[in-house]
Protein chains: 2
Amino acid sequence: MYEKKIPKDFDCGMSITLEIIGGKWKPCLIDSISKGIRRPSELHRNHPEASKRVLNLQLKELEDYGVISKIIYPVLPPKVEYFLTELGESLLPLTRHMEKWGSDYMPVFNELQRNKSKVDAEAVVFG
Amino acid sequence: MYEKKIPKDFDCGMSITLEIIGGKWKPCLIDSISKGIRRPSELHRNHPEASKRVLNLQLKELEDYGVISKIIYPVLPPKVEYFLTELGESLLPLTRHMEKWGSDYMPVFNELQRNKSKVDAEAVVFG
DNA sequence: CGGTATCCAAGCGGATACTG
DNA sequence: CAGTATCCGCTTGGATACCG
């Protein structure tokens with residue numbers, strides 16, 4: 001397992017928030033789980049671009065931070081389900097807010113991506 | 001300069017939002033600029049832990065994404081000022097939201113950090 | 001099915017020195 | 001003061017194979 005070598009500074013709330021939902025798949029996972037997609041295999045089917053390993057890593061982080069909890073059914077084949085904790089539920093308005101802002105900005109953003117090579121003529125210069 | 005080699009998928013709004021404010025110092029910069037701290041040297045003084053170079057990188061990204069704009073005064077010594085664009089202003093409710101959630105969660109979070117080595121007894125196991 | 005081990009590429013950010 | 005060049009280490013996450 002990896003071991004962090006640089007201590008992080010969680011002085012401001014923002015850094016904590018980003019620590020928790022800043023991972024590449026964490027917001028998606030929170031969203032999926034909130035919609036009732038609970039089992040690892042389902043989650044994986046829901047995000048095929050991510051490997052099992054990475055999803056597990058991010059699920060583990062969410063679990064460690066108390067955002068989700070898991071139920072392990074002692075059956076064969078194994079069965080596991082994830083749930084949002086109360087804390088996780090409290091994140092939903094925020095993730096929706098982020099999702100909405102990004103969606104609103106998406107048209108402009110995609111335009112920018114297309115025009116990447118153009119000159120940066122935005123800077124205002126006084127003469 | 002760095003060159004991204006893996007195309008990112010900006011299908012959902014969330015990924016766009018994280019792309020824009022996900023950097024280590026970007027939210028801080030947005031916040032500072034919104035409070036009238038406009039000049040690079042001021043911003044640096046405001047976040048001494050970050051190097052000039054990194055702040056510049058993140059400012060540049062924010063500028064490229066149209067979140068901030070800059071005014072270059074042709075004077076000596078050089079003088080530059082950053083401003084939030086309309087888009088940048090539209091981000092403030094979101095950054096405040098993130099800041100607030102993180103602050104609310106901070107006590108629990110710090111408690112978790114302290115108890116890191118304890119057993120993970122949260123998983124519910126049915127027998 | 002769920003989870004982990006191993007290996008590795010890319011990204012991101014820190015330190016420093018330097019230019020105009 | 002503002003910005004850039006260089007170098008380099010840590011972290012993130014992707015690919016694959018394997019075990020219970």
Side-chain angles (χ1 to χ4, degrees), chain A residues 1-9 15 18-29 33 37-64 68 70-82 120 123-126, chain B residues 1-9 15 18-29 33 37-64 68 70-82 120 123-126:
Chain A
M1 196 56 106
Y2 302 110
E3 204 178 326
K4 307 229 172 147
K5 296 180 182 172
I6 293 187
K8 298 191 178 180
D9 36 336
S15 57
L18 283 179
E19 168 75 10
I20 293 176
I21 60 174
K24 184 160 179 180
W25 305 100
K26 288 192 213 164
C28 310
L29 289 171
I33 294 174
I37 304 174
R38 316 191 172 291
R39 302 185 59 181
S41 51
E42 291 172 342
L43 290 167
H44 189 207
R45 260 193 297 280
N46 221 240
H47 307 286
E49 328 88 69
S51 71
K52 276 193 308 174
R53 177 182 160 278
V54 170
L55 288 185
N56 266 334
L57 281 175
Q58 309 236 332
L59 283 167
K60 183 137 187 25
E61 282 186 51
L62 289 175
E63 196 192 345
D64 288 345
I68 61 177
K70 78 196 283 190
I71 298 181
I72 304 171
Y73 299 92
V75 297
L76 272 165
K79 176 174 175 181
V80 165
E81 286 185 335
Y82 289 98
D120 181 27
V124 182
V125 182
F126 285 132
Chain B
M1 196 57 106
Y2 302 111
E3 203 177 328
K4 308 227 171 144
K5 296 180 182 174
I6 292 186
K8 298 191 176 178
D9 37 335
S15 57
L18 283 179
E19 167 75 8
I20 293 177
I21 60 175
K24 184 160 178 181
W25 304 101
K26 288 193 215 164
C28 310
L29 289 171
I33 294 174
I37 303 174
R38 316 192 170 290
R39 302 188 58 182
S41 52
E42 291 172 343
L43 290 166
H44 190 207
R45 259 193 298 281
N46 220 239
H47 306 287
E49 328 88 68
S51 71
K52 278 193 306 174
R53 176 183 160 279
V54 171
L55 289 185
N56 267 333
L57 281 175
Q58 310 236 333
L59 285 167
K60 182 133 187 28
E61 282 187 48
L62 290 174
E63 196 192 344
D64 288 344
I68 61 177
K70 78 198 284 190
I71 296 181
I72 305 171
Y73 300 92
V75 296
L76 273 164
K79 176 175 176 180
V80 164
E81 285 186 335
Y82 289 98
D120 180 27
V124 183
V125 181
F126 286 130

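Residue numbers start from 1 in every chain, and the chains themselves are labelled A, B, ... in the order their sequence lines are given, proteins ahead of strands.
Rounded to an integer number of Å, the gap from CD of B:Glu19 to P of C:dG11 is 11 Å. B:Leu76 places its CG atom 13 Å from the C1' atom of C:dT19, with the value rounded to the nearest Å. A:Glu61 places its CD atom 10 Å from the C1' atom of D:dT12, with the value rounded to the nearest Å. Rounding to whole angstrom units, CG of residue A:Leu57 and C1' of C:dG2 are separated by 14 Å. In this structure, CD of A:Glu81 is placed 10 Å from P of C:dG2, rounded to the nearest angstrom. The interatomic distance linking B:Lys24 (NZ) with D:dG9 (C1') rounds to 13 Å, in whole Å. Between the CG atom of B:Leu55 and the C1' atom of C:dT16 there is a distance of 15 Å, given to the nearest Å. Taking atom CD1 of residue B:Ile20 and atom P of nucleotide C:dC12, one finds them 14 Å apart after rounding to whole Å.
A:Pro78 comes within 4.0 angstrom of a base, heavy atoms only. Nucleic acid contact class of B:Val80 (heavy atoms, under 4.0 Å, all strands): sugar-phosphate only.
Summary of the strand contacts: A:Asn56 and A:Pro77 both lie near DNA chain C, and taking for each the nucleotide with the nearest heavy atom, the more 5' one is attributed to A:Pro77.
OP1 and OP2 of D:dC18 both lie 4.0 Å or more from every side-chain N or O belonging to A:Lys52. For D:dA2, the OP1/OP2 oxygens have a side-chain nitrogen or oxygen of B:Ser41 closer than 4.0 Å.
Judged by distance alone with a 3.5 Å cut-off, a donor-acceptor contact links the side chain of A:Arg53 to the base of D:dG14. A donor and an acceptor atom never sit less than 3.5 Å apart when one is taken from the side chain of A:Arg39 and the other from the base of C:dG2. Between the base of C:dG2 and the side chain of A:Lys79 there is no donor-acceptor pair shorter than 3.5 Å.
Contact of the B:Leu29 side chain with the B:Asn46 side chain is not registered, since no non-hydrogen atoms from C-beta on lie closer than 4.5 Å. Side-chain atoms of A:Leu62 and A:Ile21, non-hydrogen and from C-beta on, never get closer than 4.5 Å to each other.
Of all heavy-atom pairs between A:Glu81 and A:Tyr73, the closest is OE1-OH, 2.9 Å.
A donor-acceptor pair under 3.5 Å is absent between the side-chain atoms of A:His44 and the main chain of A:Glu49, judged by distance alone.
Seen from the ring of A:Tyr82, A:Lys70 does not count as a face-on cation partner, given the 6.0 Å and 45° thresholds.
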